[in-house]
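One structure is given here, and the rest of the page talks about it.
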Amino acid sequence: MDRIEGRLDGAGLRVGLVAARFNDLIVDRLLDGALAALRAHGVDDRDVVVARVAGAVELPVVAQALADRDDVDAVVALGCVIRGSTSHYDYVCSMVASGVARVALDAAKPVAFGVLTTETLEQAFDRAGGKLGNKGAEAAVVAIETAHVLRGVRARGQA
Ligand code: INI
């Protein structure tokens, strides 16, 4: 049996982050968590690029531009959609979720989904460094892991 698992070593990995400004009180915490997690796992600050966009709807197109760059190995998309603050919550959630998923498949690179979709601001705080952890940090670690899994799968295929 050939088992391929992703290491959580970010040394040498080049990571692009795209973060929404909408709900920046939350998204800034997700971004801080993601950057801290990348550093903690050995990603060099010089190998990190951060782009800011207006809202969650704009995340996929900029994630795509980052993923298309030869000098980016993995992308992390960060945002926060809160049901209470919009009547078009479902549209925003669906656009960002399907858009980010499509970018990952089209680019064949990890595009981690660090977008909170919550009912309330309190639930968002809980997941942005509160009692339920930091989903931005978790997404960053998943990006590192998935980049290694992809490398492993591709390397074995060439053997
Ligand atoms: N964008 C978000 O990131 N979160 C939200 O909760 C949100 N709400 O509530 O509407 C939101 N809207 C803006 C949207 O992402 C786009 O920026 C806008 O529609 C322009 O394309």
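Counting starts at 1 for both ligands and their atoms, following the listed order. Worth knowing before you read on, the calculation uses all heavy atoms, side chains too, and leaves out hydrogens, waters and symmetry mates.
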With only distance considered, is [X] within less than 3.5 Å of ligand 1 through an N or O on each side?
X	value
Val57	yes
Val92	no
Phe22	no

Search all heavy atoms of Ile144 against all heavy atoms of Arg7 and return the closest pair with its distance. CG2-O, 3.8 Å
Please work out, at 4.0 Å between heavy atoms, whether the side chain, the backbone, both, or neither of Ile82 comes within that distance of ligand 1. backbone
Report the part of Asn23 in contact with ligand 1, treating N, CA, C, O as backbone and CB onward as side chain, heavy atoms under 4.0 Å; options are side chain, backbone, both, neither. side chain
What is the distance from atom CZ of Phe125 to atom CG of Leu116, rounded to the nearest 0.5 Å? 11.0 Å
Atoms in ligand 1 with a heavy atom of His88 nearer than 4.0 Å: 10 (O)
Testing Leu30, Val49, Leu35 one by one against Leu17 for a side-chain contact (heavy atoms from CB on, under 4.5 Å), which residue passes? Leu35
Using 4.0 Å as the upper bound for N to carboxylate O, is an ion pair formed by Asp44 and Arg14? no
At the 4.0 Å heavy-atom cut-off, does Met95 count as touching ligand 1? no
Answer with yes or no whether Cys80 contacts ligand 1, where contact means a heavy atom under 4.0 Å from a ligand atom. yes
Can you sort out the partners of Arg39 under salt bridge (Lys or Arg N to Asp or Glu O under 4.0 Å), two or more places apart, ordered by chain and number? Asp45
Which atom pairs, donor and acceptor, lie under 3.5 Å between side-chain atoms of residues 50-65 and protein residues at least two apart or in another chain?
unit_1: Arg52; atom_1: NE; unit_2: Ala19; atom_2: O; d: 3.3
unit_1: Arg52; atom_1: NH1; unit_2: Asp28; atom_2: OD1; d: 3.1
unit_1: Arg52; atom_1: NH2; unit_2: Ala20; atom_2: O; d: 3.1
unit_1: Arg52; atom_1: NH2; unit_2: Asp28; atom_2: OD1; d: 2.9
unit_1: Glu58; atom_1: OE1; unit_2: Gly55; atom_2: N; d: 3.0

